[in-house]
4 protein chains.
Amino acid sequence: MTEHTVWQPTSDVAERLKTLRHQVWQANMDLEHHNLVTFTWGNVSGIDRDSGLVVIKPSGVKYEELSAENMVVVDLHGEIIEGDLNPSSDTATHLELYRQFPEIGGIVHTHSPQATAWAQAGTAIPALGTTHADYFYGSIPCTRALSDDEIANDYELNTGKVIVETIADSEVLATPGILVKEHAPFTWGKDADQAVHNAVVVEVVAGMALQTLQINPDVRYINQALLDKHYLRKHGANAYYGQHQSSKK
Amino acid sequence: MTEHTVWQPTSDVAERLKTLRHQVWQANMDLEHHNLVTFTWGNVSGIDRDSGLVVIKPSGVKYEELSAENMVVVDLHGEIIEGDLNPSSDTATHLELYRQFPEIGGIVHTHSPQATAWAQAGTAIPALGTTHADYFYGSIPCTRALSDDEIANDYELNTGKVIVETIADSEVLATPGILVKEHAPFTWGKDADQAVHNAVVVEVVAGMALQTLQINPDVRYINQALLDKHYLRKHGANAYYGQHQSSKK
Amino acid sequence: MTEHTVWQPTSDVAERLKTLRHQVWQANMDLEHHNLVTFTWGNVSGIDRDSGLVVIKPSGVKYEELSAENMVVVDLHGEIIEGDLNPSSDTATHLELYRQFPEIGGIVHTHSPQATAWAQAGTAIPALGTTHADYFYGSIPCTRALSDDEIANDYELNTGKVIVETIADSEVLATPGILVKEHAPFTWGKDADQAVHNAVVVEVVAGMALQTLQINPDVRYINQALLDKHYLRKHGANAYYGQHQSSKK
Amino acid sequence: MTEHTVWQPTSDVAERLKTLRHQVWQANMDLEHHNLVTFTWGNVSGIDRDSGLVVIKPSGVKYEELSAENMVVVDLHGEIIEGDLNPSSDTATHLELYRQFPEIGGIVHTHSPQATAWAQAGTAIPALGTTHADYFYGSIPCTRALSDDEIANDYELNTGKVIVETIADSEVLATPGILVKEHAPFTWGKDADQAVHNAVVVEVVAGMALQTLQINPDVRYINQALLDKHYLRKHGANAYYGQHQSSKK
């Protein structure tokens, strides 16, 4: 990508990147505010679809040292466009998701403990109630394990590929998160803020689901009609939750 | 309800509504203070019985943006009497409870995690100790599941109806809360503040009950004499807990 | 106790009571600081052994409204000596312990959730590690259930009696706490501050013990030699933990 | 060690000790900041390898009363070189580790609840995911129980010896922590700060591991290739996580 060594954004792109840097920085700080991260174990990115540029957290930098200015800008091939720091070690995973899912605008990765326990267990989080159904239209899936070869070569890229493989048959924004087996959750959304929102949801419903099964090991998957009702009263043309125009009578 | 389009409260009603708006706003903030809500997943309402007007949280508004002024006033038929925002999407549930239970003055709905786990498990929370008995005169019941038809049509109203159906044989203020199956808890009380208080109790005893059963799966329901003693030392004519007049010797 | 209606403390007693009021108020506030109380579900008392006067939290008053001045002073028969508020509804329990155990100077009652779960389970907390052994020289016992008659008449006094009955064969300061079956923990110590300290210990080891048994249901009671070592390195003539004189070489 | 009674550090040593006192004090405060300690149940030490002097927390002093100045300096034989307070009662354990493991520069001991539960259970924490693999190159081991004789005589020294015995076949910085059976965790690192970091990791993965096994009791040990990948992308010559030079391309 040698054409980028003298890269100069147009003023439009520069303006949008400035806004995106701030959004991505804020979303990273929100991760910590929601108690989803220990040390530096989490990262958020956001994409400017017009230019194909991605803003992402630098690798291993403490949250209190993060700023809009030290976020790293990479292109969809992983070239650093702006920034002096290494981008997140998980950058290749984020980029694969952006390349394959044009609907998504922000991605989050955490090791939030309750969701990570489900990932370590290699088990999808079943939809057991309306809290889950308000955000996920079905189970929160868990990927297969990566093969030794997929781990040894291009590990982070292959992590992205196994996510894409697992999500393939779903509508990506109706399943806005996943557990990577033996690893931890990734979530996404229309933008970085919504991806953070979904990271919180995954952590909360992960904890609720374990407790539910401890109370009643025979619990059934939520009634499909109730799943439909809750998901659709918050999403789509007929949503009526909140202050959206579509919900005004 | 076209007669309300030019609705003008009397000065008495206006004064009481002003007080009630403040109480309901405060009760909503207390929900967050007690860590019962994630994002906007909770709502509180209160009723002025003389005018039949209900003050309720607007739908999907962040807690930090709530104020006494942006609470929504509806009548018992669901017509918006004052307010520019949509009321909580659960308003029809609240209104059904106010219509059927004249004793109650405030209602709370949350997705607090431990109580929600019991709701997802479809299991009543058994009375296992005095913490529970101080507030609930018996188990915290769990409703039956709604039918597909009840979900598809007038879902929120039917949620209220299934609560009423389940509580029917109890004294409503002696069972000041319930779990809606596959959903989450609702609680109530003489006013909004007491409903919040009971929402905290349900969350705490939900967590205690699961741990109790994990320690001793054979635990028995609390001795009835102890349930009576604790409930009645806090409630009714012979109460002697706290600084109530009836407890002065 | 009509002789107390014109009770005037000597200046010595007045001075000591002033100090004790402050200590008991502070200890009550510490309960909340250590997250052991929800609402007003906890109380601390302390005794001045020379005068036989007990300072105790008023019943049902919010923590933020407590002060050294509104603590209630009662004698060992339960007569209110100073104070306009009702003393804790559990006062009779505290007094029975003070009467039967001259070694103790402070008592705490809470409904802290993990300890309460063990009490509801009716199960003593076994000594499974050194955290426990540093404070309790053996299991944290659980009382038998009270009979219906003991509940119906003089309930709080009988709660004290069943604690005394259960502790009878132990050295009371080496078993500085107990679980009352289907109810919650009581702890004590040389003074109110130490009783609060032990209330924290009971809550912490209650949580650890449940997790220990979940990891390994076959776990054995701690090696007696290790229990002896840890208890005795903190207590008694040969203690060498901390900055006590006896621990200086 | 009578030669130390008139001990005067060279100016170089004095300067390094001043820095180390500050680091060890800060590390002790970080333990509390990370919610790993209740009361005074935790201690951190650091060593200056050139002089063989160890800075350690005084025994039983409240965290708010700690300062760089009241840290205690001991030599590797346990003689107090500087300080008016008793050093931690666990000093002999720390010293044995420093003597046997020249690679380590800081040590932490806590009773953090989830790790302590595994220690009480007498069970190594299996490596179940990448959160664990990022820091520990294999299970977090648990020592055998000490014999009655090892407990009765030189208990704290023998605690160090059983740790050394258990770690013997591992690379000590690749297994930077251990559970002492029926007791609690010890962790270490290149310096005091890294030892604190590892104490947090042990607590977090302890909680995740229990939840993982509750979700799926049949879960397998993490794929060895994934363990290798995660451990080695953060450690060693080919590390590429964070902003280390070795990770710059």
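Note that the coordinates shown come from a computational prediction; the quantities given were computed from them, not determined experimentally. Sequence lines set the chain letters: A, B, ... in the order given, protein chains first and strands last, and positions in each chain run from 1.
- Here the OG1 atom belonging to B/T38 is positioned 9.0 Å from the NE2 atom belonging to A/H34, to the nearest 0.5 angstrom.
- Of the residues A/L128, A/I222, A/T131, A/V219, the one that meets the side-chain contact (heavy atoms from CB on, under 4.5 Å) test with B/E182 is A/I222.
- Taking a cutoff of 4.0 Å between a charged side-chain nitrogen and a carboxylate oxygen, A/K229 and B/D149 do not qualify as a salt bridge.
- From B/I125, atom CD1 reaches atom CD1 of A/I215 across 7.5 Å, with rounding to the nearest 0.5 Å.
- Between B/S59 and A/Q243, the shortest heavy-atom contact is O-NE2, 2.8 Å.
- Closest of all the heavy-atom pairs between B/H183 and A/T130 is CD2-OG1, 2.9 Å.
- Atom CZ of B/R220 has 12 or fewer heavy atoms from other residues, nucleotides or ligands within 6.0 Å.
- Environment of CZ in A/R144: crowded, with over 12 heavy atoms of neighbouring residues, nucleotides or ligands closer than 6.0 Å.
- Of all the listed residues (B/Y155, B/W118, B/F39), the one sharing the greatest number of non-hydrogen pairs under 4.5 Å with chain A is B/F39.
- The aromatic rings of B/W41 and A/Y135 are tilted relative to each other, their planes meeting at an angle between 30° and 60°.
- Interface remark: B/V61 contributes side-chain atoms only to the contact with chain A (heavy atom separation under 4.5 Å).
- With a 4.5 angstrom heavy-atom cutoff, A/D218 does not touch chain B via any of its atoms.
- Neither the backbone nor the side chain of A/H132 has a heavy atom closer than 4.5 Å to any heavy atom of chain B.
- Put simply, of A/N216, A/L210, A/T212, the one with the most heavy-atom pairs under 4.5 Å next to chain B is A/T212.
- Contact detail for A/M208 and B/H111: the closest heavy-atom pair is CE-O, 3.2 Å.
- Distance check, rounded to the nearest 0.5 Å: CD of B/Q211 to CD of A/Q211 gives 8.5 Å.
- Contact count versus chain A (heavy atoms, under 4.5 Å) is highest, among B/A117, B/P58, B/P113, B/G60, for B/A117.
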Take A/L226 and B/L146, measure what side chain to side chain contact (heavy atoms under 4.5 Å, CB included) needs, and give me the verdict at the end.
-> CA-CA 8 Å; A/L226 189 58; B/L146 292 180; 5.6 Å; no
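- Using a 4.5 Å cut-off between heavy atoms, B/T40 touches chain A through backbone and side chain atoms alike.
- Of the listed residues (B/E150, B/K181, B/E156), the one with the most heavy-atom contacts under 4.5 Å to chain A is B/E156.
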